[in-house]
Enquirer: 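Can you keep this structure in mind? I'll have questions shortly.
The figures that follow rest on heavy atoms only: side chains count, while hydrogens, waters and symmetry mates do not.
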Amino acid sequence: MSTSAAQSAELRLVVLGRTGAGKRSAVSSILGLHEPPQQGADAAAVQECSKHRGGAAGRQVAVVSSPAWFGSGCDPEERRRHISSFIALSSPGPHVFLLCVPVNQPADGEANALDVLEKLFGPSAVSANTIVLFTHTEELGEDEQLEAYLATWRKDLRELVERCGDRYHTLETRSGEAEEGNAVEELLEKVEQALSVSGTQHCSCPLYQEAEERVRERQVEIVRRRRGGDQVAPTDSHPEENVTEEEMEAVREEAERSVGDLEVDVDSIFPSSPASSAPSFLWGLWEKLTGWMRWLPKMLRREALLGALVGLFVGGPYGGMMGAAVGSVATEVGRRRTQKSK
């Protein structure tokens, strides 16, 4: 099979998300992998872009996973390297970006990630080629459905979904491997549907065009080097002459990994400015609140969290009193609903 034919028959998915968002689990679920968590020295590999190929729901799939390069704490040069790497590995362009979003955390970081994707690849990369992949759904109540949770409690997550053309999914199930296989099949159907609606084969933009040109050049160089021939000259207008597509395909992955930094204007996309203490402060409070919530009975979690958030954002003594009142009222309403349902 030629390179172009192989690429057209393969779905390319790029998995993005913050550290701890469940990217490894998503990759394993899609490809049916059963790998133990990496520890010790092997854990460093998690901080590099990776690419896995395999079969999923009757389709050939390539899944590229990238570290959290869109966070404010990422070093600029490391960020440039990660961006260049995942672009080269998913060249000539992914069919979709899968943005892993934990349902139990604020979505401000993921909103920033969508902003960056738009700046890198254009607005259609988000509106037409991104699916929100919700993770950590085990934090929901046993009888609580994801759709109801989003509609009732999480405006921030709903806004993410709306920006992505109302496309979202989860691979996490409570009924074993059979249901997980159905979840993967449904995800790939949503990928196909997104491509059908947009009318495009895959995400394409100048950055991906540059990456594909570099990959093709490296393929020719590697093939000629293995033959013992000369390197490709800069003035060679037909570098791929006398190189078969089969030879090109055999060294494709090596060429993708050897592509250097692309022309990514990291400085303009991620301007250096004094970091505000407010986001980190609120993030710390959120972690404390959600950690505390795990110790409460499930029936009381949501109501107590609602009251705590009201007190947090109103602030001051009035905020504390208002939060306590809201939490008490919500708890009482929840109890009455539970009693009526019995």
Enquirer: Rounded to the nearest 0.5 Å, how far apart are NE2 of H52 and OG of S65?
Expert: 7.5 Å
Enquirer: Would you please test Y168 and L150 for side chain to side chain contact (heavy atoms under 4.5 Å, CB included) and show each step?
Expert: CA-CA 11 Å; Y168 72 93; L150 298 177; 4.0 Å; yes
Enquirer: Can you tell which of R53, R218, K51 makes a salt bridge (charged side-chain N to carboxylate O under 4.0 Å, His left out) with E253?
Expert: R53
Enquirer: For the atom pair CG (L11) and CD1 (I30), what is the distance rounded to the nearest 0.5 Å?
Expert: 10.5 Å
Enquirer: Under the rule for side chain to side chain contact (heavy atoms under 4.5 Å, CB included), what residues qualify as partners of D166, not counting sequence neighbours?
Expert: V161, E162
Enquirer: So V64 and S50, do their side chains get closer than 4.5 Å, heavy atoms only?
Expert: no
Enquirer: Looking only at non-hydrogen atoms, find the nearest pair between A211 and L262 and report the distance.
Expert: CB-CD1, 3.9 Å
Enquirer: Do R227 and E247 come close enough that some side-chain heavy atom pair is under 4.5 Å?
Expert: yes
Enquirer: Please enumerate all residues that pass side chain to side chain donor-acceptor pair (under 3.5 Å) together with E210, with sequence neighbours excluded.
Expert: R214
Enquirer: According to a hydrophobic-cluster definition based on side-chain heavy atoms being under 4.5 Å apart (Ile, Leu, Val, Met, Phe, Trp, Tyr only), do L188 and V197 belong together?
Expert: no
Enquirer: As a quick check of understanding, evaluate side chain to side chain contact (heavy atoms under 4.5 Å, CB included) for Q219 and E245, giving each step before the final call.
Expert: CA-CA 10 Å; Q219 286 175 285; E245 288 292 341; over 6 Å; no
Enquirer: List for me each residue that meets side chain to side chain donor-acceptor pair (under 3.5 Å) alongside H169, sequence neighbours excluded, and say none if there are none.
Expert: K190
Enquirer: Once you round to the nearest 0.5 Å, how far does CG of L13 lie from CG of L31?
Expert: 8.5 Å
Enquirer: Applying salt bridge (Lys or Arg N to Asp or Glu O under 4.0 Å), name anything that partners R167, two or more places apart in sequence or on another chain.
Expert: none
Enquirer: For S85, enumerate each residue passing the side chain to side chain donor-acceptor pair (under 3.5 Å) test, keeping only those at least two apart in sequence or located in another chain.
Expert: none
Enquirer: Sequence neighbours excluded, which residues qualify as side chain to side chain donor-acceptor pair (under 3.5 Å) partners of T137?
Expert: E172
Enquirer: Can you name the salt bridge (Lys or Arg N to Asp or Glu O under 4.0 Å) partners of E213, sequence neighbours left out?
Expert: none
Enquirer: Any carboxylate oxygen within less than 4.0 angstrom of a Lys/Arg side-chain nitrogen, looking at R225 and E254?
Expert: yes
Enquirer: Using the test salt bridge (Lys or Arg N to Asp or Glu O under 4.0 Å), find all partners of E77 that sit at least two apart in sequence or belong to another chain.
Expert: R80
Enquirer: Heavy-atom count around D75 CG within 6.0 Å, excluding the residue itself: above 12?
Expert: yes
Enquirer: Please determine whether the number of non-hydrogen atoms from other residues, nucleotides or ligands lying under 6.0 Å from atom CD of E78 exceeds 12.
Expert: yes
Enquirer: In terms of relative ring orientation, are F121 and F97 parallel, tilted or perpendicular, with 30° and 60° separating the classes?
Expert: parallel
Enquirer: Closest heavy-atom contact between V184 and S29?
Expert: CG2-O, 3.3 Å
Enquirer: Could you go step by step and tell me if L16 and C100 meet the side chain to side chain contact (heavy atoms under 4.5 Å, CB included) rule?
Expert: CA-CA 6 Å; L16 303 173; C100 293; over 6 Å; no
Enquirer: Can you confirm whether V220 sits close enough to R216 that some side-chain heavy atom of one is under 4.5 Å from a side-chain heavy atom of the other?
Expert: no
Enquirer: What is the distance from atom CZ of F70 to atom CD1 of I269, rounded to the nearest 0.5 Å?
Expert: 14.0 Å
Enquirer: Please enumerate all residues that pass side chain to side chain contact (heavy atoms under 4.5 Å, CB included) together with T200, with sequence neighbours excluded.
Expert: N129, S198
Enquirer: Check whether more than 12 heavy atoms from other residues, nucleotides or ligands sit under 6.0 Å from atom CD of Q201, and answer yes or no.
Expert: no
Enquirer: Check this for me: does any side-chain nitrogen of one of E217 and R224 sit under 4.0 Å from a carboxylate oxygen of the other?
Expert: no
Enquirer: So how far is it from S204 OG to E212 CD, rounded to the nearest 0.5 Å?
Expert: 10.0 Å
Enquirer: Side chain of K23, backbone of G17: donor and acceptor closer than 3.5 Å?
Expert: yes
Enquirer: Taking side chain to side chain contact (heavy atoms under 4.5 Å, CB included) as the test, write out the residues that go with A68, two or more places apart.
Expert: T19
Enquirer: How would you list, by chain and number, every residue that makes a salt bridge (Lys or Arg N to Asp or Glu O under 4.0 Å) with D265, sequence neighbours excluded?
Expert: none
Enquirer: Can E159 and R163 be counted as an ion pair, charged N to O under 4.0 angstrom?
Expert: no
Enquirer: For a quick test of reading the model, state the closest non-hydrogen atom pair linking G55 to Q60 and the distance between them.
Expert: CA-OE1, 4.0 Å
Enquirer: What's the separation between atom CG in N182 and atom CG in L187, rounded to the nearest 0.5 Å?
Expert: 12.5 Å
Enquirer: Search all heavy atoms of V103 against all heavy atoms of Y149 and return the closest pair with its distance.
Expert: O-OH, 3.0 Å
Enquirer: What's the shortest heavy-atom distance between D156 and A107, and which atoms?
Expert: OD2-N, 3.3 Å
Enquirer: Taking all non-hydrogen atoms of both residues into account, name the closest pair between Y208 and C203 and its distance.
Expert: CD1-O, 4.4 Å
Enquirer: Can a salt bridge be assigned to the pair D267 and R79 using a cut-off of 4.0 Å between side-chain N and carboxylate O?
Expert: no
Enquirer: Going by the rule side chain to side chain contact (heavy atoms under 4.5 Å, CB included), which residues pair with H136 if we only count those two or more places apart in sequence or in a different chain?
Expert: P102, N104, E138
Enquirer: Taking the side chain as everything from C-beta on, heavy atoms only, tell me whether S127 gets closer than 4.5 Å to C164.
Expert: no
Enquirer: For S91 and I87, indicate whether the former's side chain and the latter's backbone hold a donor-acceptor pair under 3.5 Å.
Expert: no
